[in-house]
Amino acid sequence: MSTAVIIRAVELGLIFSVLSLGEYITVKVMDSPDLTVDGSFVTGGCTAAMLTLAGFPNLGLAAAFVAGLLCGCVTAFLQTKMKIQGLLAGILTMTALYSVNLRIMQGAPNVSLYAVPKPTILNNPATVLYVLIAIVALIALLMYAFFKTNLGLMLRAAGDNEEMIRSSSVNVDSMKFLGFALSNGLVALSGALLVQFQKFADVTGGTGMLVLGLAGIIIGEAVFRRSGIGFGLAASITGAILYRLLYTLALQLGFPATDMNLVSAVLVAVTISIPHLQKLKKKRGSHA
């Protein structure tokens, strides 16, 4: 792979690391995988695209984050107030968001940003890598600081043992609203950054985002093999970048783009199975 290809892979990895950081909240902190992701990722991208076309690219990023917060609140509402099972609540929100995203883009299935009136923060190829590093570092530091606050600790406790935290007079429903909102806010921000980076938005662009975000978390954990919030956040970032490099390598080896979702699924399955395979190897070694 050429240096330019590697740099672009790292840039995309940094964008998707924001996705992994968002999923880290629901998957690792709340122990509640959220299928809203495939929809909220596109919602963030569509929101940013329309505001970027209107000449407000930076406002587009902020609005995308807010739109993601609202998506997460809808899923939390379905879970906590309507008593709908978690996975189904995510599916319902994701399904509804397809129509919402079309509405945001005024009925168009895709939008090009090549004729935007104002440059975005990701327009300059010479600085885009440094801008993305700064954004990801800031998000990770803010998340680390948040999870050390009383509110962050309550959110973590609600994920660890819901019944115990409920008996301590903590409103678990509020914690779910907070967790799902923050998670999908970051997911939507990742979608917005990708749209401004690639200069187009598509309503089908969220397909496979849940698996992609999980891949970053799982690969990162396989590398770090340490527990704790700090290591978890670092693993999510590192894993997303490594995943994108592996993805790019697969393309360079000749895998067609249409097969990449299959490659992603196999990669995640193998990574998840590594601890089990290592245990089997140790058992066979002890019996030998």
Side-chain angles (χ1 to χ4, degrees), residues 18-48 50 62-107 109 143 146-147 149-192 203-214 217 236:
V18 180
L19 168 69
S20 290
L21 287 171
E23 286 193 42
Y24 179 82
I25 297 173
T26 50
V27 174
K28 292 298 179 179
V29 175
M30 299 178 64
D31 193 25
S32 180
D34 180 22
L35 294 177
T36 312
V37 169
D38 283 12
S40 60
F41 183 87
V42 181
T43 301
C46 294
T47 303
M50 299 311 290
F65 180 74
V66 174
L69 293 178
L70 295 175
C71 294
C73 286
V74 171
T75 299
F77 176 81
L78 293 175
Q79 279 198 37
T80 60
K81 306 305 179 185
M82 305 300 288
K83 303 303 179 185
I84 296 175
Q85 195 269 342
L87 291 177
L88 180 57
I91 292 172
L92 289 173
T93 306
M94 176 186 66
T95 303
L97 283 175
Y98 183 83
S99 296
V100 172
N101 295 335
L102 279 172
R103 289 274 186 175
I104 292 173
M105 294 209 297
Q106 301 175 355
M143 288 181 67
F146 168 73
F147 283 122
T149 64
N150 288 335
L151 186 58
L153 289 171
M154 284 192 290
L155 179 60
R156 293 165 61 185
D160 287 337
N161 193 327
E162 185 175 316
E163 294 304 319
M164 181 194 72
I165 199 70
R166 197 186 298 274
S167 65
S168 302
S169 301
V170 174
N171 190 323
V172 176
D173 287 357
S174 296
M175 292 298 102
K176 288 185 177 181
F177 270 92
L178 176 63
F180 282 110
L182 288 177
S183 173
N184 284 282
L186 289 174
V187 168
L189 178 58
S190 176
V203 291
T204 62
T207 305
M209 288 301 116
L210 176 66
V211 173
L212 196 156
L214 284 173
I217 296 171
S236 298

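What you are looking at is a predicted structure, and each value in this text was computed from that prediction instead of being measured.
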*Working to the nearest 0.5 Å, report the span between CG of Asn101 and SG of Cys46.*
4.5 Å

*Is the backbone of Ala76 close enough, under 3.5 Å, to the side chain of Thr80 for a donor and an acceptor to pair up by distance?*
yes

*asked:* Please report the interatomic distance CZ(Arg103) to OG1(Thr43), rounded to the nearest 0.5 Å.
replied: 14.0 Å

*asked:* Could you report the tightest heavy-atom contact between Ala67 and Thr47, atom names first, then the distance?
replied: CB-OG1, 3.9 Å

*Side chain Thr149, main chain Gly152, donor-acceptor under 3.5 Å*: yes

*Do Gln79 and Phe177 come within less than 4.5 Å of each other through their side chains, counting heavy atoms only?*
no

*Output, in order, the C-alpha distance, side-chain angles, deciding distance and verdict of side chain to side chain contact (heavy atoms under 4.5 Å, CB included) for Met30 and Ile25.*
CA-CA 6 Å; Met30 299 178 64; Ile25 297 173; 4.2 Å; yes

*Indicate yes or no: at least one non-hydrogen side-chain atom of Met143 is less than 4.5 angstrom from one of Leu186.*
yes

*Can you check side chain to side chain contact (heavy atoms under 4.5 Å, CB included) on Leu70 and Val74, steps first, answer last?*
CA-CA 6 Å; Leu70 295 175; Val74 171; 5.7 Å; no

*What are the two closest non-hydrogen atoms of Val187 and Ser40, and how far apart are they?*
CG1-OG, 3.5 Å

*Give me the one residue out of Asp34, Thr75, Thr93, Thr36 that meets side-chain hydrogen bond (donor to acceptor under 3.5 Å, both in side chains) with Asn184.*
Asp34

*asked:* Which heavy atom of Gly159 sits nearest to which heavy atom of Asp31, and what is that distance?
replied: O-CB, 4.0 Å

*Rounded distance (nearest 0.5 Å) linking atom OG of Ser190 with atom CG of Leu19*: 4.5 Å

*Any side-chain heavy-atom pair from Ile104 and Met50 closer than 4.5 angstrom?*
yes

_Distance (rounded to the nearest 0.5 Å) between Lys176 NZ and Cys73 SG_ = 14.0 Å

_Contact check, side chains of Phe146 and Leu155, non-hydrogen atoms, under 4.5 Å_ = yes

*With the side chain counted from C-beta on, respond yes when Cys71 and Leu97 share a heavy-atom pair under 4.5 Å apart, and no when they do not.*
yes

*Looking at side-chain heavy atoms only, is the closest gap between Phe180 and Ser32 below 4.5 Å?*
yes

*Gly206 and Val42: which non-hydrogen atoms are nearest, and at how many Å?*
N-CG2, 3.1 Å

*asked:* Please determine whether side chain to side chain contact (heavy atoms under 4.5 Å, CB included) holds for the pair Phe147 and Leu153, giving the CA-CA distance in whole Å, both sets of side-chain angles, and the decisive distance to 0.1 Å.
replied: CA-CA 6 Å; Phe147 283 122; Leu153 289 171; over 6 Å; no

*Can you name the closest pair of heavy atoms from Ala188 and Ala64 and give their distance?*
CB-O, 3.2 Å

*Can you find a pair of side-chain heavy atoms, one from Arg156 and one from Met175, that are under 4.5 Å apart?*
no

_Let me confirm one number: the CD-CG distance from Gln85 to Leu92, rounded to the nearest 0.5 Å._
10.5 Å

*Could you tell me the separation between the CG atom of Asp173 and the CG atom of Leu178, rounded to the nearest 0.5 Å?*
12.5 Å

*Considering non-hydrogen atoms only, spot the tightest contact between Ser236 and Tyr24 and give its length.*
OG-CD1, 3.6 Å

*Do Asp38 side-chain atoms and Leu210 backbone N/O form a donor-acceptor pair below 3.5 Å?*
yes

